Amino acid sequence: MTKNATVLAWLDEMVAMCKPAKVTWITGDEAQLEKLREEAVATGEMIKLNEEKLPGCYYHRTAVNDVARVEDRTFICTPTEVEAGPINNWMAPDEMYAKLTALYTGSMEGREMYVIPYSMGPVGSPFSKIGIELTDSIYVVLNMAIMTRVGNAVLNALGDDPDAEFVKCLHAKKDVNPEERYIVQFPQDNTIWSINSAYGGNVLLGKKCFALRIASYLGRNQGWMAEHMLILGLENPQGEVKYICAAFPSACGKTNLAMLIPPEYLREKGYKVWTVGDDISWLNIGPDGRLYAINPEAGFFGVAPGTSPKTNFNALESTKRGTIFTNVAINNADNTVWWEGLDKNPPVDATEWTGKKVNGPAYIAEGNNLAHPNSRFTAPAVNCPCISPEFENPQGVPVSAIVFGGRRAKCAPLVYQSRDWQHGTFVGAIMASETTAAAAGAVGVVRRDPMAMKPFVGYNMAQYWGHWLEMGKKLGDKAPKIFHVNWFRKDDDGNFLWPGFGDNMRVLLWILDRCDGKVDADEVAIGYVPKAEDIDITGLDMTKDQLKDLLTVDNAEWLKDVEDPQTGIKQYFAQFGDQLPTEMAQELDKLISNLK
Ligand code: OXD
Ligand code: MN
């Protein structure tokens with residue numbers, strides 16, 4: 001426990017409102033966590049999986065109406081609407097507190113409240129931040145114990161100073177009613193309130209709510225950045241490691257890139273990839289003036305379907321022990337797990353994700369999924385075979401390059417480099433991705449997702465771009481170089497032009513060569529593209545001409561992307577009105593004049 005008066009006063013207030021039958025502090029001791037696992041198994045909240053094949057692994061099933069983040073019920077409650085900006089849901093803080101207080105009052109009667117002190121980032125790192133989550137869900141406690149560092153060590157790091165900074169997080173399952181589900185950030189109060197959900201991204205409040213929404217706001221005020229970016233280290237045959245941060249919207253292969261296995265001929269030469277993080281980067285300017293990244297998380301909350309030994313061996317290995325699986329299918333023959341894309345042998349004696357016993361192959365043949373498409377694994381990062389030796393480094397890793405990306409059938413070339421930080425900020429701001437068949441709605445529709453932060457920015461997106469520009473000024477010539485990639489370009493017959501997966505390493509090598517000033521490039525309207533001879537295609541079933549096709553920039557296509565009345569860049573920027581930094585408007589004018 002703690003003597004910190006601010007923590008204790010806040011806890012008293014929340015207890016008085018939620019009225020739990022009992023309050024338990026999470027200490028971080030394994031014995032306490034083990035007792036909670038046993039309790040969750042006894043109540044049916046979790047199922048223990050095959051101890052021999054999946055040691056320390058558990059299964060959890062959510063309510064069928066509670067399987068994903070709920071962007072339409074996620075709010076940024078700043079004093080004025082303009083602070084939240086046009087792409088966030090907003091309500092005045094007082095109004096939201098009143099509305100939610102009514103819902104929370106008595107919500108934990110007869111239930112136990114768990115108090116989880118947690119650190120985002122290694123405990124005691126100058127770049128780490130502390131949160132305390134109150135929850136009535138054992139599932140949340142056990143997930144938080146994988147995804148973050150929890151317990152007494154965190155309280156010691158917070159100390160007794162009543163002014164010490166921490167984020168106050170409150171979660172109540174209540175009755176999981178989707179009509180009264182709210183995921184609410186109060187950035188000015190360092191506060192997050194989540195109610196009526198028990199699904200990952202809505203309730204593991206350290207992740208998206210704190211490490212992106214609240215942290216992006218803190219970062220603006222404190223001179224650092226919280227970004228939706230993986231962090232990977234690329235080691236060359238001389239043993240030097242350079243670090244890259246990369247932001248992609250969902251369904252663009254972020255976890256796969258973070259854990260990439262280089263093509264065999266590069267492995268043989270001695271190239272390696274090290275994973276520092278797969279989802280979130282906190283970026284600070286270090287003592288030498290360069291940008292340093294830490295991964296605030298301690299685990300991976302990954303999408304299971306599609307993960308296989310071929311697509312992501314390292315992610316799959318990470319799930320082999322100490323992992324919680326949510327909404328995948330169970331193979332009853334040996335009490336293990338299965339999901340679409342794991343292999344070609346769906347279990348015959350299966351329990352599909354909602355809990356129905358089915359014949360797996362027959363059920364799939366009828367057009368059903370055994371695992372929910374957004375089913376997840378919560379796996380400890382230390383399980384990952386390629387976890388970076390720098391993973392726990394409290395100073396973080398120096399970033400050489402920032403990479404933005406999206407899924408574009410046309411338009412964006414395989415890779416291009418921005419001219420400078422300001423132009424790179426613009427490249428991030430115009431990021432877009434095409435919707436896939438994996439989500440409901442029309443396929444191939446362009447959706448703008450600046451810096452992959454559309455669902456996660458904790459204040460006005462235009463002011464966030466302004467903050468990027470400020471950080472660039474501070475970094476000066478030490479700023480990382482900024483690039484954009486597109487692994488998803490297609491030919492006129494709809495075939496992908498680039499093999500992707502491990503071969504993406506070939507593009508990363510060009511990016512690092514550019515950072516080191518080792519290769520020339522061609523300047524085109526949108527920035528710099530590689531000379532075809534500088535991307536190594538050894539061993540690929542691809543001609544130089546096909547590579548050239550991947551690198552071409554079609555100015556007419558780009559002009560359409562700027563001008564499109566629904567999804568165009570001009571239209572998108574217009575909604576920010578006078579909040580749009582003039583530099584962004586200038587970059588747009590420059591793009592248009594270059595294209596013409
Ligand atoms: C995630 C997401 O779960 O971005 O990481 O939705
Ligand atoms: Mn994410």
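In listed order, ligands and their atoms are each counted from 1. Quick caveat, the model's predicted, so the values are computed rather than measured. For reference, positions follow the sequence shown, starting with 1.
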Enquirer: Below 3.5 Å, N or O to N or O, backbone or side chain included: is there any such pair between Arg69 and ligand 1?
Expert: yes
Enquirer: Are the ring centres of His484 and Phe404 closer than 6.0 Å?
Expert: no
Enquirer: Do the two ring centres, one from Trp193 and one from Tyr104, sit under 6.0 Å apart?
Expert: yes
Enquirer: Only heavy atoms of Asp279, strictly under 4.0 Å: list the atoms of ligand 1 that pass.
Expert: 5 (O)
Enquirer: Is the charged tip of Arg213 near the ring of Phe456: under 6.0 Å from the six-membered ring centre and within 45° of its axis?
Expert: no
Enquirer: Would you say Asn504 and Arg506 are linked by a side-chain donor-acceptor pair, where the criterion is simply a distance under 3.5 Å?
Expert: no
Enquirer: Measure the distances from the heavy atoms of Lys254 to every atom of ligand 1 and state whether one is below 4.0 angstrom.
Expert: no
Enquirer: Return the closest protein heavy atom for atom 5 (O) of ligand 1 as residue, atom name and distance.
Expert: Lys208 NZ, 2.9 Å
Enquirer: Would Ser250 count as a polar contact of ligand 1, with the cut-off being nitrogen or oxygen pairs under 3.5 Å?
Expert: no
Enquirer: Specify side chain, backbone, both or neither for Phe248, according to which of its non-hydrogen atoms lie closer than 4.0 Å to ligand 1.
Expert: neither
Enquirer: Using a distance-only test with no angle check, is there a side-chain donor-acceptor pair under 3.5 angstrom linking Tyr139 and Thr62?
Expert: no
Enquirer: Go through the side-chain N and O atoms of Thr354 and Glu352 and say whether any donor and acceptor fall under 3.5 Å apart.
Expert: yes
Enquirer: Take the Mn ion (ligand 2) as the vertex and measure to OD1 of Asp279 and NZ of Lys208; round to 10°.
Expert: 100°
Enquirer: Can we say Glu434 and Arg447 salt-bridge, meaning some charged N sits less than 4.0 Å from an Asp/Glu carboxylate O?
Expert: no
Enquirer: Using 2.8 Å as the threshold, say whether any N, O or S atom from Ile280 sits that close to the Mn ion (ligand 2).
Expert: no
Enquirer: Considering only heavy atoms of His228, which atoms of ligand 1 have at least one such atom less than 4.0 Å away?
Expert: 4 (O)
Enquirer: So which protein heavy atom does atom 3 (O) of ligand 1 come closest to, and at what separation?
Expert: Arg376 NH1, 2.9 Å
